[in-house]
*Asks:* 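I have a structure here, written as structure tokens, and I will follow up with some questions on it.
Order of the sequence lines sets the chain letters (A, B, ...), proteins ahead of strands, with each chain counted from 1. Note that these values count all heavy atoms, side chains included, but never hydrogens, waters or copies made by symmetry.
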Amino acid sequence: MLKTLKQSAIVAKHILSLSSSTKSFTRHLSIKTFPPLQSKLSALCSNGQLQDALLEMAVQGLEIKFEGYDTILNECVNRKALREGQRVHTHMIKTQYFPPLYLRTRLVILYCKCDCLDDARHVFDEMPERNVVSWTAMISGYSQNGFSSEALSLFVQMLRSGTEPNEFTLATTLPCCTGDCGLDYGRQIHSVIIRYNYESHVFVGSSLLDMYAKAGKIHEAQRVFDGLVERDVVSCTAMIAGYAQLGFDVEAVELFRRLLKEGMSSNYVTYTSLLTALSGLAALDQGKQVHNHILRRELVSYVVLQNSMIDMYAKCGNLMYARRVFDRIPERSVISWNAMLVGYSKHGMGSNVIELFKLMRAEGKVKPDSVTFLAVLSGCSHGGMEDTGLGIFDEMVAQKDGFMPNIEHYGCVVDLLGRSGRLEQALKFIDEMPYKPTAAIWGSLLGACKVHSNIDVGEYVGSKLVEIEPENAGNYVILSNLYASAGRWEEVRNLRELMKEKAVSKEPGRSWIEIDQTLHTFHASDRSHPRKDEVQMKVKELLVRLKEAGYEPDLSCVLYDVEDEQKEKILMGHSEKLALAFGLLSTCEGSPLRVIKNLRICVDCHNFAKFISKLYGRQVSIRDKNRFHHIKGGVCSCGDYW
DNA sequence: TTAGGGTTAG
């Protein structure tokens, strides 16, 4: 009797220990099926023998129930084993097993992970009951596959059903708030977040600040970031990336430095965002330093990071380094190719663009995409290879690479035709293309009219532009330049009146130059730089010397209605001239000058830089909003077309 | 069981 009792106690203890190890699912346990089958299945699964595990399930038939399905479905999810998962699902149906909520949710997760959203949704719709996890799993499936509106509408349905969202749901749903109404949806979710007190949760907070940053609301992003009770790599990276994406490059770099000092950990994503900011600044010395950090930390094998480095070096003007990074990537993605192609294109190196594009086609490992063709077409345009570009467009239309041109590619063709002076043909092309012309397309044609001094087409195009984009000052400037160059001052005056009427404002011009790892920024007519007086003197000195050599300030670049003397003063205050003067003051004779400008360079500054390169024997490179100008001996790589 | 940040182009 005593012996039997003792035995029962041992059995009971065994069951209890099993219960605690399998958490809350103990009610399904039976000594008959568990533990031998369970441990056998687990062993098979962990050995990767999913097939054998399935066979074992089939042999055991209905005896398996929860534990068996759970074990094998778990393994299917971990390995994204769709076929095996489907067989388990079929097995459930065949044996008329009625899965509980937990297993149904596992099926939803499995199908979502394997990109079978319809199957996931089917299981989800058939669920007799749902909890926050099943809702979140389905929302996450949509969210991660880019089906934002489905995810958002499911989120709304979830709230209506009375299920409260948790931190997982909120962090998953926020990334769906993109596009036109993204900010509105985002703000509504923000209010839900506040209601449930998740604003300072690190995952929810990073998602929230990212949403604001992507909507261009940097201050709101910053407010969320400042309110986080705990910060980690992701939230910090999100903030740095937010700054970088919106062009707050200095803030991005400063935040990175500050956080580094505070001991924040960083990973390859952090460096990617940091490189974006350094690319914007064209801070070559700092970029090289970051490259060294990446090498030392052995992060260099991330393709994303290598792509960022190609872009950084190209935007800093060093194509040789960019190419070296490109050549060392073992598995290039389409973005690696594009970054390199865009690099050559912006530097006006048309033949390099074509050569690399041929290599890409010949290798055939990576398919060109929309950006590839934009880079190739604009590369032909910047490099003065109009007919080659037009030929490639024809190949696109003929579907040589299985890729149809979109409106932006049509825009490139307008650019190519305009550049080669075929303005009437460009007008006809716009008229016949299958898209409605955008302001950018008219804008590029207007630029072409200015370069080729074609008033007739220019007037027509200008009127179209002012109609679509009355607030864009750049359009008035080009049109006014066009009238001025034809001596039609009456029209220039009318245009100026029109500008005043529409209260057009221009983004303030800004240029900078990197000297010994420090960026020196100048604004138009800047009086804030510590060496402003020296700079001013230098510009005056340059003006005298350049005039002796034949330079004549192009007063038509000034739109204000003032005396010519005043116009010359305004021109001499242009930020790129200040940066060039400062460069001459701070570097030794013969060394190259590298200036960055936030807007497109004006004709007068371009001419000014050409004279400097010739008279002072300097290679001058200027990166403007559109492209690089490499000026040597008074000749610019853009061929005076930009 | 479910979650957040990143690269080219414009």
Side-chain angles (χ1 to χ4, degrees), chain A residues 23-25 70 73-74 77-78 101-110 112-113 131-141 143-144 165-175 198 201-211 213-214 221 224-225 228 231-242 244-245 266-276 279 302-312 314-315 322 326 332-343 345-346 368-379 406-409 411-412 438-440 625-626:
Chain A
K23 293 182 187 160
S24 57
F25 309 118
D70 176 35
L73 268 185
N74 234 340
V77 169
N78 288 342
L101 172 62
Y102 176 87
L103 285 184
R104 286 175 198 263
T105 307
R106 295 302 288 170
L107 281 171
V108 170
I109 294 165
L110 173 72
C112 284
K113 280 203 170 169
N131 62 10
V132 62
V133 180
S134 41
W135 280 102
T136 306
M138 194 64 233
I139 292 171
S140 160
S143 163
Q144 298 195 338
N166 64 14
E167 65 274 35
F168 289 80
T169 328
L170 296 163
T172 310
T173 314
L174 276 165
Y198 281 119
H201 183 280
V202 66
F203 275 38
V204 179
S206 339
S207 221
L208 188 60
L209 83 84
D210 184 57
M211 183 277 294
K214 291 213 167 84
V224 176
F225 182 67
L228 290 177
R231 287 175 184 171
D232 63 4
V233 203
V234 177
S235 50
C236 294
T237 305
M239 195 62 237
I240 293 169
Q245 283 156 5
S266 52
N267 59 21
Y268 82 101
V269 185
T270 324
Y271 281 106
T272 302
S273 301
L274 179 64
L275 283 170
T276 303
S279 303
Y302 288 95
V303 183
V304 174
L305 203 40
Q306 290 165 322
N307 296 344
S308 277
M309 285 201 280
I310 295 174
D311 183 52
M312 183 273 291
K315 285 192 176 145
F326 176 84
R332 294 180 198 112
S333 71
V334 67
I335 295 180
S336 324
W337 290 92
N338 292 349
M340 198 63 234
L341 288 166
V342 169
S345 163
K346 293 241 172 199
D369 67 2
S370 145
V371 180
T372 315
F373 284 106
L374 283 178
V376 172
L377 295 174
S378 71
N406 62 35
I407 183 151
E408 285 170 313
H409 302 107
C412 288
T438 59
K625 203 174 184 182
N626 238 6

*Asks:* For the residue pair A/S336 / A/S333, report whether a side-chain donor-acceptor contact shorter than 3.5 Å exists.
*Replies:* yes
*Asks:* When you measure from the side-chain N and O atoms of A/Q245 to the phosphate of B/dT7, is any distance below 4.0 Å, counting only OP1 and OP2?
*Replies:* yes
*Asks:* Need one value for A/T136: base, sugar-phosphate or nothing, where a base atom within 4.0 Å counts as base even if backbone is also close, heavy atoms only.
*Replies:* base
*Asks:* Between A/Y302 and A/Y268, how do the two ring planes meet: parallel, tilted or perpendicular, split at 30° and 60°?
*Replies:* parallel
*Asks:* Given A/R106 and A/I109, is the side-chain contact (heavy atoms from CB on, under 4.5 Å) satisfied, shown in steps?
*Replies:* CA-CA 5 Å; A/R106 295 302 288 170; A/I109 294 165; 4.1 Å; yes
*Asks:* Within less than 4.0 Å of OP1 or OP2 of B/dG5, is there a side-chain N or O belonging to A/S206?
*Replies:* no
*Asks:* How many Å lie between CG on A/L170 and P on B/dG4, as a whole number?
*Replies:* 12 Å
*Asks:* Nearest whole angstrom, please: distance from the P of B/dT2 to the NE2 of A/H201.
*Replies:* 14 Å
*Asks:* Which parts of residues 233-240 of chain A get close to DNA chain B, meaning a heavy atom less than 4.0 angstrom away?
*Replies:* A/V233, A/V234, A/S235, A/T237, A/A238
*Asks:* Once you round it to whole Å, what is the distance between C1' of B/dT7 and OH of A/Y271?
*Replies:* 17 Å
*Asks:* Rounded to whole angstroms, how far apart are CG on A/L274 and P on B/dG6?
*Replies:* 15 Å
*Asks:* Ignoring hydrogens and geometry beyond distance, is a side-chain donor-acceptor pair present between A/S345 and A/S378 at under 3.5 Å?
*Replies:* yes
*Asks:* What integer distance in Å separates A/I310:CD1 from B/dG6:C1'?
*Replies:* 15 Å
*Asks:* Mind checking if A/V77 touches a base, just sugar-phosphate, or nothing, with heavy atoms under 4.0 Å?
*Replies:* nothing
*Asks:* I'd like to know whether A/E167 forms a side-chain contact (heavy atoms from CB on, under 4.5 Å) with A/Y198, so could you lay out the CA-CA distance, the side-chain angles of the two residues, the decisive distance to 0.1 Å, and finally the verdict.
*Replies:* CA-CA 7 Å; A/E167 65 274 35; A/Y198 281 119; 3.3 Å; yes
*Asks:* Would you indicate what A/N74 reaches in the nucleic acid, counting non-hydrogen atoms under 4.0 angstrom: base, sugar-phosphate, or nothing?
*Replies:* nothing
*Asks:* Consider the side chain of A/N166, meaning its heavy atoms from C-beta on, and name the nucleotide among B/dG4, B/dT2, B/dG6 that approaches it most closely.
*Replies:* B/dT2
*Asks:* Just wondering, do A/F203 and B/dG4 stack (centres under 5.5 Å, planes under 30°)?
*Replies:* yes
*Asks:* Give me the one residue out of A/T270, A/T272, A/D210 that meets side-chain hydrogen bond (donor to acceptor under 3.5 Å, both in side chains) with A/T237.
*Replies:* A/T270
*Asks:* Taking the side chain from A/S143 and the backbone from A/I139, do they hold a donor-acceptor pair closer than 3.5 Å?
*Replies:* no
*Asks:* Could you go over nucleotides 8-10 of chain B and give all protein N or O partners under 3.5 Å, atom names and distances?
*Replies:*
unit_1: B/dT8; atom_1: O2; unit_2: A/N338; atom_2: ND2; d: 2.6

*Asks:* Can you measure A/D210 atom CG to B/dG4 atom P for me and round it to whole angstrom units?
*Replies:* 11 Å
*Asks:* Between A/S235 and A/D232, is any side-chain donor less than 3.5 angstrom from a side-chain acceptor?
*Replies:* yes
*Asks:* Reckon A/T105 touches a base, only the sugar-phosphate, or nothing at all at heavy-atom distances under 4.0 Å?
*Replies:* base
*Asks:* What's A/A137 touching, base or sugar-phosphate or nothing? Going by heavy atoms closer than 4.0 Å.
*Replies:* nothing
*Asks:* A/K346: what forms a salt bridge (Lys or Arg N to Asp or Glu O under 4.0 Å) with it, not counting sequence neighbours?
*Replies:* none
*Asks:* Could you state the CH2-P distance from A/W135 to B/dA3, rounded to the nearest angstrom?
*Replies:* 17 Å
*Asks:* Counting side-chain heavy atoms from CB outward, which of B/dG4, B/dT2, B/dG6 is closest to A/T272?
*Replies:* B/dG6
*Asks:* Counting C-beta onward and ignoring hydrogens, is there a side-chain heavy-atom pair between A/F373 and A/E408 closer than 4.5 Å?
*Replies:* no
*Asks:* Can you tell me which nucleotide in B/dA3, B/dG5, B/dT7 comes closest to the side chain of A/K214?
*Replies:* B/dG5
